[in-house]
Each structure stands twice: as structure tokens, then as C-alpha cells.
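I have placed the structure first, in the form of C-alpha cells, so that the comments after it can refer back to it.
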Amino acid sequence: YTGYSIDLEPDSSLNINEVTEFIIKFATSLNTYNKILSVWIGSDTQYNLTLLYNVSFIHLVTMDTYSSNYKEVINILKSFI
């Protein structure tokens, strides 16, 4: 077992920086125990992705592939590289 997965469904009334800060604090706490936090995200996510991308022990998992065709999936994957 390597950590936790989280799929929050925050709405637009929440402050995205506060939600992002919570996730980073949670991931940092887990990291002290050598655990990883995986965060499920979508294209209309309510997180500050720029901040999350810079935390090496947070794994981002996109849900954008659920309703996409092959070409769209490849483009989505390339956007994360």
C-alpha cells in the first residue's frame, strides 16, 4: 500500500487556493510516512494545478479520458508532458 487517492468535488464557491493548500498539506503529511497522495482531476477542476504540478509526491490522475476518443486522449496525455 503506497498512499491515498482523493477525488474531491469542490464547487465554484470554494477558494481554489485554500482547497489546493489543504491537498498540499495532506500530501506533505503523508510524505513524512513515505506515502503518496493521488489526486483525481478533470479539465474543469477546482484546484490550482500549477501549484500541484510542482509537488513531486502528489500524483495527478486525469478523468478527462472518460468521455474522450483516442485522439483526444493522446492530446490530453501530451499536455501533461
Side-chain angles (χ1 to χ4, degrees):
Y1 182 71
T2 60
Y4 290 88
S5 294
I6 191 168
D7 179 9
L8 297 176
E9 303 290 336
D11 63 29
S12 60
S13 68
L14 295 176
N15 181 309
I16 65 168
N17 291 318
E18 290 177 357
V19 174
T20 302
E21 183 180 328
F22 164 76
I23 289 180
I24 292 171
K25 285 182 179 181
F26 184 28
T28 301
S29 295
L30 290 174
N31 188 52
T32 63
Y33 298 98
N34 296 315
K35 301 295 181 189
I36 294 171
L37 181 63
S38 297
V39 180
W40 291 81
I41 61 171
S43 58
D44 60 346
T45 189
Q46 297 296 321
Y47 308 117
N48 183 330
L49 294 179
T50 302
L51 292 176
L52 293 182
Y53 287 145
N54 291 319
V55 182
S56 63
F57 45 85
I58 294 178
H59 292 184
L60 299 177
V61 183
T62 181
M63 293 184 286
D64 286 346
T65 59
Y66 288 176
S67 60
S68 302
N69 63 40
Y70 178 77
K71 187 175 181 179
E72 291 171 326
V73 169
I74 295 302
N75 287 334
I76 291 166
L77 293 174
K78 286 181 180 178
S79 74
F80 286 100
I81 296 175

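These numbers were taken from a predicted model, which means no experiment stands behind them.
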Inset, instruction - Flag yes if L8 and I36 sit in one hydrophobic cluster, no otherwise; membership is Ile, Leu, Val, Met, Phe, Trp, Tyr, and two members link when side-chain heavy atoms are under 4.5 Å apart. - result: no
Inset, instruction - Taking side chain to side chain contact (heavy atoms under 4.5 Å, CB included) as the test, write out the residues that go with V39, two or more places apart. - result: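 Testing V39 for side chain to side chain contact (heavy atoms under 4.5 Å, CB included), a comparison that skips the adjacent residues, returns I6, I23, L37, I41, Y47, I58, L60.
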Legend entry - Qualifying residues under side chain to side chain contact (heavy atoms under 4.5 Å, CB included), relative to S56, sequence neighbours excluded: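 By the side chain to side chain contact (heavy atoms under 4.5 Å, CB included) rule, S56 matches no residue at all.
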In Å and rounded to the nearest 0.5 Å, what is the [atom1] to [atom2] distance from [X] to [Y]?
X   : Y   : atom1 : atom2 : answer
N48 : E21 : CG    : CD    : 11.0 Å
N15 : F22 : CG    : CZ    : 14.5 Å
S29 : K35 : OG    : NZ    : 14.0 Å
L30 : T32 : CG    : OG1   : 7.5 Å

